[in-house]
Visitor: 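Pasting in a structure now, in structure tokens, and then I'll have a few things to ask.
Below, each value reflects all heavy atoms present in this structure, side chains not excepted, and no hydrogens, waters or symmetry copies. Positions are given from 1, in the same order as the sequence printed here.
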Amino acid sequence: MVNAQGSQATERANPTVFISYSWDNDDHVGWVRTLAARLVDNGVTVLLDQWHVQPGESITKFMEESVTLCDRVVVVCTPNFAERSAKRLGGVGYEQQIVSGNIAAGIPRRKFIPIVRRGTFDHGPECAIPPHLLGVFAIDLRADAQFGVGLEKLLRAIYDEPIHKPPTLGPRPSFGGEDLTDEDDGEADDDQIGVLPRMDVDGWELSNGEERSANHPDTFQIPSAENRSSVPIGHFIKVAFDATVPDEEAEQGWDTLSERMWIKVIGFDGPYIIGTWANQSLAADVVPQLAYGRPVAVLPEHVIDIRSFEEMEELAESLAKERAAEGNEPD
């Protein structure tokens with residue numbers, strides 16, 4: 001997909017991208033300029049202050065027009081960028097006010113593509129992602145050796161050309177004797193792979209296993225960071241989460257349900273582990289994303305246990321025996 005010579009052909013119109021970033025240091029500013037040049041080589045029109053704002057021209061006008069008129073905004077995230085964004089400092093703070101305003105006005109968040117150049121993906125002092133973009137699938141561009149891989153992911157996001165596309169929908173099966181003239185009135189799924197859930201938006205949120213283990217090292221132990229970052233495909237990982245469920249007895253009419261569930265690992269994307277739920281949440285009727293078989297993306301810090309397929313079979317057999325024994329106990 002990436003053409004280093006800049007002769008890539010595409011059936012799509014050339015998209016326009018605005019790059020939002022902080023001037024952390026000369027090396028970082030140069031890296032952003034290199035990224036912009038590689039995007040231009042691949043058919044993307046890039047709006048970059050280093051190229052398009054001359055002495056005497058209005059930087060704020062350039063920001064306002066670029067964020068509003070471009071097709072996508074590439075947000076280059078670093079801890080300094082996140083801090084300046086949160087505190088609304090300088091040009092970064094002003095740009096992010098415009099971005100937040102666009103999101104609040106109903107502009108889809110997918111217009112804004114965060115890429116992490118330095119720092120971490122999750123909450124903490126080294127978090128690189130600004131608050132209003134937390135939970136949005138970010139592209140990992142921290143390692144220079146993996147720049148080509150990250151660049152292709154970014155180009156695919158800009159051109160809306162995912163690596164994996166859904167298969168063509170097949171015909172509805174015949175269920176022997178039923179009237180096939182009735183139409184299915186069910187609603188379409190709305191899975192968003194790689195978008196970390198937020199309680200205020202999605203009705204559920206993953207728990208950070210690393211933080212809980214650090215706070216309770218003697219009673220809450222989790223696999224090593226290395227094992228959590230390299231789970232074999234086909235293995236199962238356990239995560240904990242909270243979900244909002246209706247509760248008529250609660251004063252506010254709802255309550256928080258805490259659960260732990262297993263996920264079957266089917267792949268990876270940058271730092272994200274991609275899988276499908278291996279069991280059914282008690283909140284699935286209220287939060288469909290928690291139903292058995294639905295896709296889900298998590299980070300290594302969310303993983304609190306890892307099991308192979310054989311270990312899961314043994315666990316299932318053990319649980320079945322326990323339940324059978326409980327059923328045979330006298331009243």
Side-chain angles (χ1 to χ4, degrees), residues 1-51 70-82 110-122 126-129 133 136-165 192-196 225-226 228-233 265-275 297-300:
M1 169 152 184
V2 180
N3 185 338
Q5 284 71 42
S7 60
Q8 174 184 349
T10 176
E11 295 179 358
R12 292 178 176 273
N14 296 84
T16 299
V17 163
F18 170 66
I19 300 182
S20 175
Y21 67 104
S22 55
W23 286 54
D24 293 7
N25 51 50
D26 290 342
D27 288 342
H28 183 63
V29 172
W31 184 89
V32 171
R33 190 168 57 249
T34 298
L35 173 67
R38 293 296 298 275
L39 293 178
V40 172
D41 285 344
N42 285 275
V44 179
T45 300
V46 176
L47 303 176
L48 183 68
D49 56 357
Q50 299 180 56
W51 293 342
C70 69
D71 299 303
R72 294 293 182 93
V73 177
V74 173
V75 184
V76 183
C77 301
T78 64
N80 180 53
F81 181 93
R110 68 188 306 271
K111 175 177 179 175
F112 306 95
I113 307 172
I115 62 174
V116 175
R117 176 55 181 162
R118 287 194 305 276
T120 62
F121 283 74
D122 215 344
E126 291 301 309
C127 180
I129 303 175
L133 291 179
V136 176
F137 203 156
I139 296 173
D140 191 349
L141 274 170
R142 292 174 294 183
D144 289 338
Q146 296 296 314
F147 180 83
V149 175
L151 177 62
E152 178 170 350
K153 291 181 180 179
L154 178 57
L155 286 167
R156 286 185 177 277
I158 293 171
Y159 280 97
D160 196 18
E161 290 287 351
I163 296 176
H164 304 292
K165 297 182 179 180
Q192 298 186 60
I193 305 300
V195 178
L196 294 178
E226 181 180 357
R228 287 183 283 112
S229 298
S230 57
V231 182
I233 291 177
V265 177
I266 62 174
F268 304 90
D269 198 327
Y272 296 90
I273 305 170
I274 309 299
V298 303
L299 291 170

Visitor: Given side chain to side chain contact (heavy atoms under 4.5 Å, CB included), test Val76 with Ile19 step by step and report yes or no.
Guide: CA-CA 7 Å; Val76 183; Ile19 300 182; 3.9 Å; yes
Visitor: Could you tell me which non-hydrogen atom of Ala128 sits nearest to which non-hydrogen atom of Cys77, and how far apart they are?
Guide: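 Residues Ala128 and Cys77, closest heavy atoms: O-CB, 3.1 Å.
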Visitor: Under 4.0 Å between a Lys/Arg side-chain N and an Asp/Glu carboxylate O for Arg110 and Asp160?
Guide: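 Salt bridge flag = yes for Asp160 with Arg110.
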Visitor: Does Arg38 offer a backbone N or O that forms a donor-acceptor pair with the side chain of Asn42 under 3.5 Å?
Guide: yes
Visitor: Walk me through it: do Asp269 and Ile139 pass the test side chain to side chain contact (heavy atoms under 4.5 Å, CB included)?
Guide: CA-CA 8 Å; Asp269 198 327; Ile139 296 173; over 6 Å; no
Visitor: Under 6.0 Å between the ring centres of Tyr272 and Phe137?
Guide: yes
Visitor: If we only count heavy atoms from C-beta on, is the Phe81 to Pro79 side-chain gap below 4.5 Å?
Guide: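 With C-beta onward as the side chain, the pair stays apart.
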Visitor: Taking the side chain from Glu126 and the backbone from Arg118, do they hold a donor-acceptor pair closer than 3.5 Å?
Guide: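 No; zero donor-acceptor contacts below 3.5 Å.
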Visitor: Mind checking side-chain hydrogen bond (donor to acceptor under 3.5 Å, both in side chains) for Asp71 and listing every partner two or more places apart, or none if nothing turns up?
Guide: none
Visitor: Between the side chain of Arg33 and the main-chain N/O of Trp51, is any donor-acceptor distance below 3.5 Å?
Guide: no
Visitor: Please check this pair: side chain of Asp140 against backbone of Arg142, looking for a donor-acceptor N/O pair closer than 3.5 Å.
Guide: yes
Visitor: Distance-only, no hydrogens or angles: does the Lys153 side chain make a donor-acceptor pair with backbone N or O of Ile163 under 3.5 Å?
Guide: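 No; judged by distance alone, with no hydrogens or angles, the pair does not exist.
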Visitor: Distance only, no hydrogens: is a donor on one side chain within 3.5 Å (strictly under) of an acceptor on the other, for Thr78 and Asn80?
Guide: no
Visitor: May I ask you to test the Val32-Leu48 pair for a side-chain heavy-atom distance under 4.5 Å?
Guide: yes
Visitor: Under a 4.5 Å cut-off applied to non-hydrogen side-chain atoms, are Leu35 and Phe147 in contact?
Guide: yes
Visitor: State the CG-CD1 distance between Asn14 and Ile158, to the nearest 0.5 angstrom.
Guide: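 Spacing of CG (Asn14) from CD1 (Ile158) equals 11.5 Å.
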Visitor: Indicate yes or no: at least one non-hydrogen side-chain atom of Asp49 is less than 4.5 angstrom from one of Trp23.
Guide: yes
Visitor: With a 4.5 Å limit on heavy-atom distance, are the side chains of Val149 and Leu151 in contact?
Guide: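 No - every pair of side-chain heavy atoms lies 4.5 Å or more apart.
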Visitor: Taking the side chain as every heavy atom from C-beta outward, state whether Val75 and Tyr21 have any atom pair closer than 4.5 Å.
Guide: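 No, side chains not in contact.
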Visitor: Got Ile115 and Val74 here, is their nearest side-chain heavy-atom distance under 4.5 Å?
Guide: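 Result yes, sub-4.5 Å side-chain heavy-atom pair found.
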Visitor: Quick one, Thr45 with Val17, criterion side chain to side chain contact (heavy atoms under 4.5 Å, CB included). Give me CA distance, side-chain angles, the key distance, then yes/no.
Guide: CA-CA 6 Å; Thr45 300; Val17 163; over 6 Å; no
Visitor: Go through it in stages, so that I can follow the logic: the residues are Val29 and Asp24, the test is side chain to side chain contact (heavy atoms under 4.5 Å, CB included), and I'd like the CA-CA distance, side-chain angles, deciding distance and then a yes or no.
Guide: CA-CA 7 Å; Val29 172; Asp24 293 7; over 6 Å; no
Visitor: Kindly give the heavy-atom pair with the smallest separation between Phe121 and Pro271, and that separation in Å.
Guide: CZ-CG, 3.5 Å
Visitor: Heavy atoms, side chains only, cut-off 4.5 Å: are Phe268 and Ile273 in contact?
Guide: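 Yes, close enough: below the 4.5 Å cut-off.
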Visitor: Tell me the closest heavy-atom pair linking Ala297 and Ile274, and the distance in Å.
Guide: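 Of all heavy-atom pairs spanning Ala297 and Ile274, the closest is CB-CD1, 3.6 Å.
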Visitor: Measuring from Leu299:CG to Leu196:CG, what's the distance to the nearest 0.5 Å?
Guide: 5.0 Å
Visitor: Quick check for you: to the nearest 0.5 Å, what is the distance between Ile113 atom CD1 and Ser20 atom OG?
Guide: 12.5 Å
Visitor: Are any side-chain N or O atoms of Arg117 and backbone N or O atoms of His28, one a donor and one an acceptor, separated by less than 3.5 Å?
Guide: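 Side chain of Arg117 to backbone of His28, a donor-acceptor pair under 3.5 Å: no, none is there.
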Visitor: Nearest 0.5 angstrom please: Ile233 CD1 to Ile266 CD1, how far?
Guide: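 Answer for the CD1-CD1 pair, Ile233 versus Ile266, is 8.5 Å.
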Visitor: So, for Arg72 and Cys70, which heavy atoms are closest and what is the spacing to 0.1 Å?
Guide: O-SG, 3.1 Å
